[in-house]
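Okay, structure first, notes after.
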There are 2 protein chains.
Amino acid sequence: MNRHQKEKADEASGQGRPTLKTLAFMTGLGVTTVSRALKDAPEIGAETRRRVQLVAKQIGYRPNRAGVRLRTGKTNVISLVLNTEHEIMSFVSDIIYGVSEVIADTPYHLIVTPYSRSQDPLDPIRYLVETGSADGVIISRTQPNDPRARYMLERGIPFATHGRTDMGLIHPYHDFDNYAFAAEAVRHLAGLGRRRLALLAPPVELTYHGHTLAGFADALSEVGASEIPFNTVSIDHSIEQIRMRTAQLMRRENRPDGFISSAAAATLAIVAGIEDAGLKLGRDVDVVSKQSSELLHLFRSELLVVNENFRLAGAELARSVLGWIGGAAPGSLQSLSVPGEVQAYRRPAST
Amino acid sequence: MNRHQKEKADEASGQGRPTLKTLAFMTGLGVTTVSRALKDAPEIGAETRRRVQLVAKQIGYRPNRAGVRLRTGKTNVISLVLNTEHEIMSFVSDIIYGVSEVIADTPYHLIVTPYSRSQDPLDPIRYLVETGSADGVIISRTQPNDPRARYMLERGIPFATHGRTDMGLIHPYHDFDNYAFAAEAVRHLAGLGRRRLALLAPPVELTYHGHTLAGFADALSEVGASEIPFNTVSIDHSIEQIRMRTAQLMRRENRPDGFISSAAAATLAIVAGIEDAGLKLGRDVDVVSKQSSELLHLFRSELLVVNENFRLAGAELARSVLGWIGGAAPGSLQSLSVPGEVQAYRRPAST
DNA sequence: GTGACAATCTGTAACGTTTCAGTATATAGC
DNA sequence: GCTATATACTGAAACGTTACAGATTGTCAC
């Protein structure tokens with residue numbers, strides 16, 4: 001051992017976290033060789049590779065994220081961009097878990113980047129891109145002409161959207177088929193003899209507002225039912241507002257006998273409004289609602305529900321982003337979740 | 001301009017993100033000077049400092065996180081560690097927003113580190129500490145003797161717990177006063193003439209199980225009411241199980257005439273169970289429940305609620321961790337949230 | 001034995017930052 | 001005029017990683 005190697009040994013044997021230098025010392029190789037051996041580079045001998053990998057595993061070597069990031073620009077970070085005012089509660093929780101599930105055995109970390117009402121939704125995206133803080137981004141509340149998607153496409157940063165855009169541009173997305181949801185809901189209500197239907201839709205600016213309306217309208221004419229306009233509120237409005245508007249609507253002459261609601265929390269408000277007007281669910285009016293946790297049937301057993309699985313969405317979105325980062329074609333990373341049937345309440349087996 | 005400076009110029013004027021080198025070139029100073037000027041070091045002339053900071057602001061300089069992290073070990077990351085099975089849904093969403101709110105104008109990022117049923121809760125903590133992935137950690141589901149808190153105290157990494165420990169060790173926490181909640185709930189039920197009370201408590205292993213039980217027991221003897229044991233389930237159990245057990249309990253001879261529930265979702269199950277048994281809320285039995293969003297009154301107007309604000313908890317926890325990182329005494333970073341009064345439903349102003 | 005070539009390994013530099021150990025200049029003391 | 005000291009600045013080194021451009025072998029053809 002020459003003086004040079006001796007110095008290395010002194011440094012590398014320190015009790016801190018093992019680095020490539022530590023491994024290099026332990027194996028008697030150079031750091032370059034170790035680095036390449038760990039990533040299965042072709043010019044490393046088979047035995048050396050195995051030896052290095054064994055030692056690395058033994059001492060629990062983990063590459064230093066800052067080192068990698070500084071050298072390569074790779075952050076190993078996926079950012080989930082969320083609106084702190086309008087996201088559905090269970091959406092946040094479930095989508096995070098879905099994403100987590102997928103990135104669990106990758107080196108990726110999940111960072112949550114929030115933005116609030118007062119901010120341009122583009123702000124957090126700009127920040128992420130300009131500072132190179134993430135390798136991939138997931139956004140929700142997607143719009144038909146979405147500046148965020150456009151911006152990220154221009155900058156070439158991989159992303160996936162929850163919901164589709166409509167700009168003639170190709171990018172990964174995961175979406176729930178809200179057209180099918182609304183259409184199925186209409187058909188189901190028609191099957192129950194309901195003829196005058198009201199829709200509590202998503203806010204107009206979001207893409208799935210359009211999808212939902214289209215499904216609603218198409219099925220209405222298909223079954224020959226009519227629409228009772230209810231577009232002074234959306235699922236983004238407060239519980240109190242929806243409740244009030246619903247009660248107003250239900251007190252009118254030509255009130256609806258069926259409701260379709262795009263979100264569970266809003267459905268609670270609709271039901272409250274219906275009851276405020278002195279009417280009874282299941283008798284005077286039926287309500288079909290989307291929900292993401294199985295809670296609405298506990299609320300009122302007369303409710304009719306369609307489930308949307310946000311955890312699945314999170315997983316799917318994460319897979320898409322990782323796929324794009326990994327070089328897959330963005331067009332091949334799009335998925336649509338087909339709604340199940342409208343479900344009525346089934347009393348559980350009693351004890 | 002000598003040859004050396006010329007080279008710098010060539011490199012620094014590149015259109016990439018500005019670095020210290022860019023600033024050094026633009027101001028004609030050395031990188032060291034620029035670095036110090038930006039952090040208000042004392043040995044920099046006042047005018048130089050202002051000049052550097054002005055230029056930095058003008059060109060939108062932002063320190064490279066990887067560079068800082070590699071050199072100093074500072075990650076500028078707070079990690080929120082979550083159980084993917086048992087966290088309350090709104091907890092995840094609200095606490096994230098609370099934390100976000102506080103770290104919004106700091107350089108900190110929030111990463112979410114999940115762990116699942118199958119894992120030792122210590123695993124994610126070990127990972128964070130061993131890889132130096134965060135400057136501070138927030139954990140929930142705190143236990144009286146919490147190995148995670150003990151571990152982080154040993155390793156000297158700043159953290160805050162949602163809920164207290166009981167190990168004689170001092171660390172930042174934020175907690176809701178569940179003793180007061182349970183006691184107030186008992187008193188309120190007693191005031192309604194309820195005498196035989198059942199408690200749906202948090203899981204035994206968590207610290208606030210003890211707090212809740214103590215408040216319950218103390219107030220029971222204070223008002224002279226009695227307990228109907230209901231400890232075969234906790235709020236961690238499934239909706240179905242709670243519902244079934246509640247129904248069983250309510251069909252017994254000596255059934256409770258009052259319930260106290262530590263979580264909103266569980267309350268839905270309790271009410272369902274009560275109604276399964278053919279009994280009526282408000283007539284046969286009253287239920288006081290904690291909730292974190294204002295939804296229970298929509299569910300059944302007879303429900304009595306106490307609000308727990310998770311967003312506030314998130315903000316408080318973030319402040320605590322940042323405070324500890326900033327050098328404050330951990331003992332000074334503890335807070336307890338006092339529950340408001342038990343609230344009955346107030347019909348909203350009609351239109 | 002020589003040259004060519006493949007196989008395998010290595011040192012150096014660079015990513016952007018901060019720290020250490022200076023250097024240069026001005027001011028003051030005497 | 002000299003040293004001492006404070007002020008304001010600077011270059012080099014280091015954090016851990018990867019890419020580039022070699023360096024050292026051994027093998028084979030002829």
Side-chain angles (χ1 to χ4, degrees), chain A residues 2-5 7-8 10-12 14 16-52 56 59 61-76 107 130-133, chain B residues 2-5 7-8 10-12 14 16-52 56 59 61-76 107 130-133:
Chain A
N2 63 27
R3 188 177 154 281
H4 197 55
Q5 285 181 320
E7 277 173 10
K8 279 193 198 170
D10 289 347
E11 296 171 33
R17 228 182 115 190
T19 68
L20 287 182
K21 204 193 272 181
T22 321
L23 285 179
F25 170 66
M26 294 181 76
T27 55
L29 297 164
V31 288
T32 303
T33 310
V34 173
S35 172
R36 308 184 87 132
L38 288 175
K39 48 172 58 73
D40 290 318
E43 60 267 73
I44 301 296
E47 201 209 306
T48 305
R49 201 203 326 272
R50 257 174 307 152
R51 199 159 58 89
V52 170
I59 66 173
Y61 167 77
R62 290 165 184 279
N64 179 301
R65 311 190 118 235
V68 175
R69 180 163 172 178
L70 182 56
R71 178 63 235 242
T72 65
K74 182 125 213 286
T75 61
N76 284 312
E130 281 171 10
T131 62
S133 288
Chain B
N2 62 28
R3 189 176 154 279
H4 196 55
Q5 284 180 322
E7 276 172 11
K8 277 194 199 170
D10 288 346
E11 296 172 34
R17 230 180 112 191
T19 68
L20 288 183
K21 205 192 271 180
T22 320
L23 286 179
F25 170 67
M26 294 181 76
T27 55
L29 297 163
V31 289
T32 304
T33 310
V34 173
S35 172
R36 309 182 90 137
L38 288 176
K39 49 173 58 74
D40 290 317
E43 61 267 72
I44 302 296
E47 201 210 307
T48 304
R49 196 198 335 269
R50 257 174 308 156
R51 198 158 59 89
V52 170
I59 66 173
Y61 167 78
R62 290 164 183 282
N64 179 302
R65 313 190 116 233
V68 174
R69 180 163 171 177
L70 183 56
R71 177 65 234 246
T72 66
K74 182 126 212 286
T75 62
N76 285 312
E130 282 170 9
T131 62
S133 288

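- The distance from atom CG of B/Leu23 to atom C1' of C/dT17 is 13 Å, rounded to the nearest whole Å.
- Under the side-chain hydrogen bond (donor to acceptor under 3.5 Å, both in side chains) criterion, B/Thr75 pairs with B/Asp135, not counting sequence neighbours.
- For A/Glu43, the side-chain atoms get nearest to C/dC9 when compared with the rest of C/dC9, D/dT18, D/dC9.
- Contact check, B/Thr33 against D/dT10: a side-chain N or O comes under 4.0 Å of OP1 or OP2.
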I'd like a table of atom pairs between the protein and nucleotides 20-26 of chain D - only N or O on both sides, under 3.5 Å - with the distance next to each one.
none

Donor-acceptor pairs under 3.5 Å, side chain of residues 37-47 of chain B to any protein atom, not counting sequence neighbours: which ones?
| unit_1 | atom_1 | unit_2 | atom_2 | d |
| --- | --- | --- | --- | --- |
| B/Asp40 | OD1 | B/Gln53 | NE2 | 3.1 |
| B/Glu43 | OE2 | B/Arg36 | NH2 | 2.7 |

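- Judged as a side chain to side chain contact (heavy atoms under 4.5 Å, CB included), and not counting sequence neighbours, A/Arg71 has no contacts.
- Listed by chain and residue number, B/Lys21, B/Thr22 satisfy the side chain to side chain contact (heavy atoms under 4.5 Å, CB included) test with B/Thr19 (two or more places apart in sequence, or in another chain).
- Between the CD1 atom of A/Ile44 and the P atom of C/dT8 there is a distance of 9 Å, given to the nearest Å.
- Contact annotation for B/Thr19: backbone-only contact, meaning every heavy-atom pair under 4.0 Å involves sugar-phosphate atoms and none involves a base.
- Whole-Å rounding puts the B/Leu20 CG to C/dC15 C1' distance at 13 Å.
- B/Arg49 meets the side-chain hydrogen bond (donor to acceptor under 3.5 Å, both in side chains) test with no other residue; sequence neighbours excluded.
- Taking atom NZ of B/Lys21 as the reference point, atom C1' of D/dA12 lies 14 Å away to the nearest angstrom.
- Between C/dG16 and B/Ser35, no contact under 4.0 Å exists linking OP1 or OP2 to a side-chain N or O.
- When rounded to the nearest whole Å, the span between CD of B/Glu47 and P of D/dT7 equals 18 Å.
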Verdict with reasoning, A/Arg51 to A/Thr27, per side-chain contact (heavy atoms from CB on, under 4.5 Å): CA-CA 8 Å; A/Arg51 199 159 58 89; A/Thr27 55; 4.0 Å; yes
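- For the contact set between residues 62-75 of chain A and DNA chain C, defined by any heavy atom under 4.0 Å, the members are A/Leu70, A/Arg71.
- One interatomic measurement links the two molecules: CG of A/Leu38 to P of D/dG16, which rounds to 15 Å at whole-angstrom precision.
- Formation of a donor-acceptor pair under 3.5 Å by the A/Arg62 side chain with backbone atoms of A/Arg17 is not found in this model.
- The side-chain hydrogen bond (donor to acceptor under 3.5 Å, both in side chains) search around A/Thr72 returns none, not counting sequence neighbours.
- Remark: B/Asn64 engages no residue in a side-chain hydrogen bond (donor to acceptor under 3.5 Å, both in side chains) (not counting sequence neighbours).
- In this structure, A/Asn76 atom CG and D/dT18 atom P are separated by 10 Å, rounded to whole Å.
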